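For reference, the structure is listed below as structure tokens.
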Amino acid sequence: MPSAAHRVTVIPGDGVGPEVVRSAIRVIEAAGVFIDWEEAAAGASVFEKGDTSGVPAETRDSIERTKVVLKGPLETPVGFGEKSANVTLRKLFETYANVRPARELPGVPTRYAGEGVNLVIVRENVEDLYAGIEHMVTPDVGQCLKVISRKGSEKVIRYAFELARREGRTKVTAATKANIMKMTEGLFKKVFEELALEYPEIESGHLIIDNVAHQLAKAPAQFDIIVTTNLNGDIISDLASGLVGGLGFASSGNYGDTVAIFEAVHGSAPKYAGKDVINPTALILSSVMMLRHLAETGAADRVEDAVLVTLEEGRATTQDLVRQTGGDVDTAASTTGFTDAVIANLGRSPATLGAQRGDLANQAPAMAPLPAWSYGPEHYAAIARRTIGLDIFIETDSDAGQLGVEFENLTAAGPFELRFVESRGTKVYPSVGLSSDGVRLLRARFVTRDGGPAAETDLLALQGRVAERQPGWTHVEKLHVFDGADGFTKAQGE
Ligand code: NAP
């Protein structure tokens, strides 16, 4: 008897997408789960019709209704053109936690086989450089804003700790570049350290992201859960999938407060599209995550066991795995053949890996409600703030020294003084002996003489006077001090 019906939006996607999605659906249905699939489009076919979002209104409506998505990969134009439809989907439904497990699998030989790699990367999924706020500030200089918020950080970090509790995991490591990006990655680290105090039974620690890459390559079994910002997470989760057999095996779930999207980590692999050769394991394991999310725990276990038995036996092996074992690709199983084998193995238990799944077997649905966001308006109201000046960015051919003297004259009287002129983060005026290869973009920092608060009218007047002299000004940032702490980085020697 089929179990209770669920409604799920299914997006076949581009390239190999329809093949792996078909495979996952066949396995889910064979496991006895009855799902009312709402098929919806996104990605290349939608861009081709002139919809620049890549996610049409009907697809959004369907997701609003079903709240759960199983999707194939979507193609994104590289370096030009429309925004990624994947990123748009994640943002539209605020799926803030991207969960990517990397577990050693039987029959999949890797350099780390036998070490018991079993880690989960929890990647912040909405903010960071993926906010997509980019500008060409001069004809030759591009800029991308890295946006990290306390709220966004808290949501994903709390998710990681709650996941550790749910799955009986014992350690959460935050991975950031806080040593360099003190205001953004530093905020993420700070929020992590605050929240860790609420989870005393879970070991917590911080590592710089480049060291995490190094440690993952050296001794990956030391990690349990890694929580990190968007770009870091994007890169190290692909690295982690390489540790356990490659993209053909890497599953993922994108979780928000109301919607969850399940997809393989891999892309549309266009060269394999329509050839029935791609490995569908990644999407089948993503649908195991989906079944757990739908509280179909028994079916999730059956499907996961069947995949493990199939890999363990090694009778149906797709091309990617055959290549890794140095075998003859002509003997490889097709996508369909591998799927048939998984279906035939439903109901069997793996000999080697059952125990590794351990605590995961009976885990609660993956999207249990999180404790409420801890920062209310009262917190913000209590923060003492003052604005003490401006950073003004200027496209100019002027020499930094000339510009420095010009701005010192400009501010000789009045509330502000010139603090420095810099080029791509290097202070060039007053000279501290550093040189920078100029790119026609300079930043001038003006602050109040006594460090006290600046009046709005004075800030605007300053901006106007600079603009009169340097019509190539491109943008302005206010310099804030919050609760006595500078809300901006300093220049060398400042
Ligand atoms: P990709 O499609 O993931 O493929 C890269 C390589 O990974 C393939 O050539 C293949 O390696 C291997 N591979 C990927 N999936 C596999 C599978 N299921 N089984 C076995 N091997 C697999 O990455 P890409 O070529 O960089 O990207 C292609 C398109 O996909 C781009 O438009 C990109 O934007 C998009 N993309 C979408 C998503 C998403 O929708 N979530 C994610 C990533 C990329 P070999 O060549 O060694 O056989």
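Given the structure is predicted, the values throughout are model-derived calculations rather than measurements.
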Stacked cation flag R123 on F188, 6.0 angstrom / 45 deg
no
| Side-chain donor/acceptor of E312 to backbone N/O of G107, under 3.5 Å | no
The side chain to side chain contact (heavy atoms under 4.5 Å, CB included) partners of R348 (sequence neighbours excluded) come to V309, E313, N345
Residues passing the side-chain hydrogen bond (donor to acceptor under 3.5 Å, both in side chains) test with E115, sequence neighbours excluded, are none
Sorted by chain and number, sequence neighbours left out, salt bridge (charged side-chain N to carboxylate O under 4.0 Å, His left out) with R60 holds for none
Only residue of R443, H475, K478 satisfying side-chain contact (heavy atoms from CB on, under 4.5 Å) with D391 is R443
Residues passing the side-chain hydrogen bond (donor to acceptor under 3.5 Å, both in side chains) test with T229, sequence neighbours excluded, are E185, N232
Quiz item: Side chains of S53 and T88: donor-acceptor distance under 3.5 Å anywhere?
Solution: no
Hits for ring pair (Phe, Tyr, Trp, His ring centres under 6.0 Å) against F482, two or more places apart or cross-chain, chain-then-number order -> H480
Subject >> Residues E304, R292: salt bridge by 4.0 Å N-O rule >> reply: yes
R385 atom CZ, neighbour heavy-atom count above 12 within 6.0 Å
no
Residues 15-24 vs side-chain hydrogen bond (donor to acceptor under 3.5 Å, both in side chains), sequence neighbours excluded, gives S23-T339
